[in-house]
Amino acid sequence: MEKIKVKFSNGSEILYDKGITFSEILDRSFSDLKDKAIAAKINGELVDLDEKLLYECLLEFITPDSPEGEKIFWHSTSHIMAGAVKDLFPEVKLGIGPAIEEGFYYDFDRDTPFSLEDLEKIEKRMNEIVKNDFPFQRRKLPKSEALMLFKKENETYKIEIISELEEDTVTLYEHDRFIDLCRGPHLLSTGMIKSFKLIKVAGAYWRGSEKNRMLQRIYGISYPTEQKLKLYLEKIEKAKERDHRKLGKELELYSFYEEAGAGLVFWHPKGAVIRKTIEDFWIKEHQMAGYELVYTPHIAKLELWKKSGHTDFYAEYMYQSIRAEDEEYQLKPMNCPFHMLIYQSKIRSYRDLPFKLAELGTVYRYERSGVLHGLMRVRSITQDDAHIFCSPEQLEDEVIKLLDFTLHLLKSFGFSDYQIYLATRPEKFIGETKDWDKATDTLKIALKKHQLEYNMDEAGGAFYGPKIDLHIKDALGRPWQCTTIQFDFNLPERFDLTYVGEDGKPHRPFIIHRALLGALERFFGVLIEHYAGAFPLWLSPVQVVVMPITSEIKNYARKVADLLLKKGLRVKLDDRSEKINYRIREAEIQKIPYMFIVGKREEKENKVSVRKHRKGDLGTFELDEIVSQLTKEIEDKTTGL
RNA sequence: GCCGAUGUAGCUCAGUGGUAGAGCAAGUGAUUUGUAAUCACUAGGUCAGAGGUUCGAAUCCUCUCAUCGGCUCCA
């Protein structure tokens with residue numbers, strides 16, 4: 001019998017008979033993993049455990065604890081769910097059923113959507129399938145046979161997928177009476193899924209396109225133990241506690257009104273303080289980075305938007321134009337054309353470049369009703385916008401500086417966890433290919449220089465230029481695009497922008513269009529969730545609350561509060577005749593960073609007793625001492641003490 | 001926009017065809033408190049809005065608005 005050498009990730013090497021299955025290798029050499037492993041990974045490729053060892057390889061066993069293992073586990077569960085659905089509702093047609101970041105889904109074509117009662121029935125049937133411990137059987141078929149098989153079942157979506165596959169043979173997986181097109185790998189049998197839950201139903205267009213039929217999607221999650229499922233569900237519940245929509249209400253930060261309109265944000269006093277603090281910081285930083293601040297109107301003649309091209313390519317997001325004195329005006333969906341006008345207001349020389357215009361400009365976009373989401377997607381959007389006009393020679397340096405600036409800003413708000421995407425030329429584009437390549441390379445160079453990991457979003461750029469996008473996840477793990485750094489090859493052409501070069505001739509400037517926080521509304525949303533509402537001192541709407549223990553100490557408490565106010569701190573005095581515990585509790589719930597508690601002792605010694613949010617009593621401090629500590633904490637933008 | 005769910009007091013929620021409820025918050029009074037809820041009383045609602053069915057609608061039906069979970073797009 002031919003022997004084959006297998007290497008393992010711990011460096012060891014073992015010889016096995018050719019043709020032995022990976023399950024058998026488990027039995028023989030890794031009995032501890034035997035009940036846990038659900039797939040094998042040979043030279044980086046995932047395969048079923050019942051596949052045979054045929055060549056020398058690096059072998060690794062996958063358990064449901066690893067991200068790869070979870071995916072396999074969830075994918076198998078989605079097959080079980082689809083099997084259950086077909087058993088209960090034989091008329092449905094199958095769409096696709098992949099594992100996703102957390103769990104799995106399966107799309108079904110059915111005239112009536114699934115109800116919550118249907119889900120219960122499906123879960124029940126799934127339980128039976130799990131109990132029966134059916135094996136997952138892999139079958140390789142020539143494409144033509146697979147097509148015939150699905151034609152017989154009238155599975156039109158499967159037929160569509162198979163027809164588009166390039167391979168000659170396809171893999172099918174079968175358990176019980178259910179058979180599905182699938183690359184695999186899968187669990188050995190259905191019995192391994194000890195615990196699962198169907199979470200929600202939703203409509204989803206076939207292949208994500210609104211032109212196609214809407215299918216019924218069922219989402220679910222599964223784990224190898226009950227305990228893990230429970231932990232997952234608890235995690236979700238806990239994450240909901242930091243949802244900015246819940247905290248926004250509890251902390252009175254902002255609101256929406258049915259009578260005002262969906263997606264239109266009202267910043268309440270406490271939210272407004274935070275916004276103003278962000279804006280002041282942002283303006284100061286931008287001025288230091290060589291930007292010049294501008295303000296532009298909220299509407300402009302429709303003609304301008306025709307010139308910029310927005311009426312062609314952005315019409316679906318624009319509100320209807322407004323008519324006044326035989327002239328059409330348009331509420332602005334972007335700030336760009338206005339900055340172009342300012343650039344054009346005089347002849348620019350190469351000596352003026354880079355020319356950087358910055359504006360916290362509120363734009364209005366008609367986002368479709370179904371996509372609105374708290375502060376994350378609204379219709380009144382305050383972009384932290386800027387346009388950098390520069391020469392080709394300055395491009396690289398500017399992008400590198402820009403990325404540096406971005407990371408610095410985000411870090412100031414405590415963000416270091418984000419996903420970066422580099423989006424390249426789409427099929428439909430304007431401008432010269434060579435400019436696109438240069439711009440894309442410049443973005444790549446900048447990313448490399450900062451040693452940032454990024455994902456390619458091939459052909460994902462805007463039609464007017466490539467871009468770097470940066471996504472931050474919310475409490476429930478949903479990604480939201482914040483930073484965007486985009487090249488714009490459209491506007492310089494449309495507005496015929498030029499600068500006079502050293503040679504005395506006109507040249508076309510490059511434009512980098514960027515929003516670093518993205519939009520104040522969305523950024524505030526992710527900020528709330530990032531800090532779970534407990535903002536660092538520099539951002540807290542109320543920084544200190546002063547509480548006298550009894551009304552006898554009122555005057556001293558007021559004196560302390562006045563002094564803090566004079567030092568520029570945001571202070572509240574809580575001298576209600578409630579018990580101190582009651583007032584502390586309230587301040588804790590409001591997530592106020594510091595409580596200064598004063599009684600007879602403190603008054604006598606001219607001190608304050610300091611309590612920190614979530615941490616408790618820090619002891620007594622001299623007023624000067626604690627004020628300078630807090631001032632430093634504000635300057636450092638830390639969470640302090 | 002599409003699919004589904006939801007909308008009752010400031011907030012969280014109970015109430016499924018027969019006179020609108022609770023807790024917290026609010027107001028008043030008492031209490032003078034030492035590090036996460038003192039007590040009592042009072043007030044508060046066109047049951048999202050409009051139309052319909054019914055002797056009678058928070059409850060059943062239709063439409064509109066809004067919110068939530070998705071699809072798609074994006075700051």
Side-chain angles (χ1 to χ4, degrees), chain A residues 105 107 110 112-116 199-219 240 243 245-246 249-250 252 256-263 314 316-317 333-334 363 365-378 380-385 460 462 469-472 476 478-484 486 514-523 525-526 547-554 575-589 595-602 609-620:
Chain A
Y105 69 77
D107 287 342
R110 184 174 186 240
T112 43
F114 295 104
S115 65
L116 291 175
I199 310 272
K200 58 201 173 195
V201 283
Y205 298 103
W206 169 239
R207 300 197 143 175
S209 168
E210 281 165 50
K211 288 176 198 135
N212 295 334
R213 186 168 159 83
M214 180 166 270
L215 309 181
Q216 301 305 320
R217 177 172 298 180
I218 303 177
Y219 286 89
K240 283 182 185 162
D243 190 314
R245 293 165 298 184
K246 185 172 156 67
K249 208 176 267 177
E250 284 171 4
E252 301 176 62
F256 296 96
Y257 297 94
E258 192 178 329
E259 55 266 62
Y314 212 68
E316 62 170 318
Y317 291 108
M334 289 189 191
V363 301
R365 297 184 182 171
Y366 196 80
E367 293 286 351
R368 292 184 299 173
S369 55
V371 304
L372 298 171
H373 184 103
L375 285 177
M376 304 300 199
R377 177 166 282 102
V378 296
S380 56
I381 306 157
T382 309
Q383 294 186 309
D384 69 314
D385 210 356
D469 286 341
L470 203 143
H471 296 203
I472 298 178
L476 288 166
R478 293 172 290 215
W480 297 98
Q481 183 192 309
C482 290
T483 308
T484 185
Q486 327 183 324
R514 38 115 297 181
L516 302 188
L517 308 181
L520 291 185
E521 291 78 9
R522 177 176 293 176
F523 189 72
V526 295
M547 305 178 208
I549 289 181
T550 71
S551 54
E552 275 176 54
I553 320 295
K554 257 188 191 181
D575 58 0
R576 291 173 300 171
S577 66
E578 299 288 350
K579 285 186 119 172
I580 195 71
N581 278 349
Y582 179 89
R583 284 175 283 161
I584 286 172
R585 179 181 152 80
E586 200 156 276
E588 286 285 345
I589 289 169
M595 285 159 250
F596 286 7
I597 294 160
V598 293
K600 274 188 194 152
R601 292 201 295 267
E602 287 78 6
S609 173
V610 176
R611 183 190 163 99
K612 172 141 203 207
H613 172 64
R614 277 187 183 149
K615 287 211 175 123
D617 197 358
L618 300 182
T620 52

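In what follows, chains carry the letters A, B, and so on, assigned in the order in which the sequence lines appear, proteins first and then strands, with residues in each chain numbered from 1.
One finds the CD atom of A/Gln383 at 9.5 Å from the CG atom of A/Leu520 (value rounded to the nearest 0.5 Å). Atom CZ of A/Arg478 is separated from atom CE of A/Met376 by 8.0 Å, given to the nearest 0.5 angstrom. Atom-to-atom distance recorded for A/Arg245:CZ and A/His373:NE2 is 3.5 Å, nearest 0.5 angstrom. Distance check: A/Met334 CE to A/Ile381 CD1 gives 9.5 Å after rounding to the nearest 0.5 Å. Rounding to the nearest 0.5 Å places CZ of A/Arg522 at 10.0 Å from CD1 of A/Ile472. Distance check, rounded to the nearest 0.5 Å: CG of A/Leu516 to CG of A/Asp385 gives 9.5 Å.
Here B/C3 presents its C1' atom at 13 Å from CD1 of A/Ile218, a figure rounded to the nearest Å. The nearest whole Å value for the distance from the NZ atom in A/Lys249 to the P atom in B/C11 is 6 Å. One interatomic measurement links the two molecules: CD of A/Glu588 to C1' of B/U35, which rounds to 9 Å at whole-angstrom precision. In this structure, A/Arg522 atom CZ and B/A75 atom P are separated by 8 Å, rounded to whole Å. In this structure, A/Leu476 places its CG atom 8 Å from P of B/G69, rounding to the nearest Å. In this structure, A/Ile381 places its CD1 atom 17 Å from P of B/C73, rounding to the nearest Å. At whole-Å resolution of the value, OH in A/Tyr105 and C1' in B/G70 are 11 Å apart. At whole-Å resolution of the value, CG in A/Leu116 and P in B/C3 are 17 Å apart.
B/U6 and B/A48 have their P atoms separated by 13 Å, given to the nearest Å. Going from the C1' atom of B/U64 to that of B/G23 covers 33 Å, rounded to whole Å. With P as the reference atom, B/A20 and B/C47 are 10 Å apart, rounded to whole Å. Spacing of C1' atoms, B/G45 relative to B/G15, comes out at 14 Å, to the nearest Å. Only the C1' atoms considered, B/C24 is 15 Å distant from B/A36, to the nearest whole Å. Distance noted for atom C1' between B/U28 and B/G69: 44 Å (whole Å). Taking atom P on both nucleotides, B/A75 is separated from B/U46 by 42 Å, rounded to a whole Å. B/U59 and B/C2 have their C1' atoms separated by 29 Å, given to the nearest Å.
Residue A/Tyr317 has no polar side-chain atom (N or O) positioned under 4.0 Å from OP1 or OP2 of B/G1. Listed pair A/Gln481 / B/A75 meets the phosphate criterion, a side-chain N or O lying under 4.0 Å from OP1 or OP2. Dashed line: the shortest gap from a side-chain N or O of A/Arg365 to OP1 or OP2 of B/C73 is not under 4.0 Å. Within the 4.0 Å cut-off from OP1 or OP2 of B/G70, not a single side-chain nitrogen or oxygen of A/Gln216 is found.
Within the 4.0 angstrom heavy-atom criterion, base atoms lie near A/Gly203. Residue contacts shown for A/Tyr219 are limited to sugar-phosphate atoms, with no base heavy atom under 4.0 Å away. Residue A/Val378 is classed as a base contact, given a heavy-atom separation below 4.0 Å to a base. When heavy atoms are screened at a 4.0 angstrom cut-off, A/Arg611 is found touching base atoms of the nucleic acid. Within the nucleic acid shown, A/Gln383 comes within 4.0 Å of sugar-phosphate atoms alone, with no base atom in reach, counting heavy atoms only. Within the nucleic acid shown, A/Met376 comes within 4.0 Å of at least one base atom, counting heavy atoms only.
Across every non-hydrogen atom of A/Leu375 and A/Gly525, the tightest pair is CD1-N, 3.9 Å. Taking both residues in full, the closest heavy atoms of A/Cys482 and A/Leu517 are given as CB-O, 3.4 Å, listed atom of the first, atom of the second, then distance. For the residue pair A/Pro113 and A/Gln216, the shortest heavy atom distance occurs at CB-OE1, 3.4 Å. When all heavy atoms of A/Arg514 and A/Asp384 are compared, the closest pair comes out as NH2-O, 3.1 Å. Smallest separation of non-hydrogen atoms from A/Arg583 and A/Asp575: NH1-CA, 4.0 Å. Counting all heavy atoms, side chain and backbone alike, A/Met595 lies closest to A/Ala587 at SD-CB, 3.7 Å.
RNA chain B is contacted by A/Gly208, A/Glu210, A/Met214 of residues 206-215 of chain A, taking any non-hydrogen atom closer than 4.0 Å.
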Check: Once Watson-Crick and G-U wobble pairs under 3.5 Å are found, how is RNA chain B written in dot-bracket notation, 5' to 3', with | for any base paired to another strand?
Finding: (((((((..((((....[..)))).(((((.......))))).....(((((..]....))))))))))))....
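Counting atom types as modelled, A/Tyr205 pairs no side-chain N or O with a base atom of B/G70 as donor and acceptor under 3.5 Å. In the interface, the side chain of A/Arg368 is not paired with the base of B/C74 through any donor and acceptor atom under 3.5 Å apart. No N or O donor and acceptor, one from the side chain of A/Arg614 and one from the base of B/A36, sit under 3.5 Å apart.
In this structure, the nucleotide among B/G70, B/G4, B/A75 sitting nearest to the side chain of A/Lys200 is B/G70. Of the candidates B/A75, B/G70, B/A36, B/A75 carries the atom nearest the A/Glu367 side chain, counting heavy atoms from C-beta on.
Residues meeting the ring-ring contact (aromatic ring centres under 6.0 Å, His included) test with A/Tyr105, sequence neighbours left out: A/Tyr219. Contacts of A/Tyr205 classified as ring-ring contact (aromatic ring centres under 6.0 Å, His included), with partners at least two apart in sequence or in another chain: none.
Salt bridge annotation for A/Arg611-A/Glu588: present, with a cationic side-chain nitrogen under 4.0 angstrom from a carboxylate oxygen.
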Next item on the list: For A/Glu367 and A/Val378, run side chain to side chain contact (heavy atoms under 4.5 Å, CB included): C-alpha distance rounded to whole Å, both residues' side-chain angles, the deciding distance at 0.1 Å, then the answer.
Entry: CA-CA 7 Å; A/Glu367 293 286 351; A/Val378 296; over 6 Å; no
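Within the 4.5 Å cutoff, the side chain of A/Tyr582 has heavy atoms near those of the A/Arg576 side chain.
Along RNA chain B, the nucleotide nearest A/Arg585 and the nucleotide nearest A/Pro113 are compared for position; the residue whose nucleotide lies closer to the 5' end is A/Pro113.
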With 3.5 Å as the limit, what N/O pairs link the protein to nucleotides 66-68 of chain B?
residue: B/C68; atom: OP1; partner: A/Arg245; partner atom: NH1; Å: 3.2
residue: B/C68; atom: O3'; partner: A/Arg245; partner atom: NH1; Å: 3.3

Item checked: nucleotides 23-34 of chain B: protein proximity per nucleotide (B base, S sugar-phosphate only, - neither; heavy atom, under 4.0 Å) -> --SS----BBBB
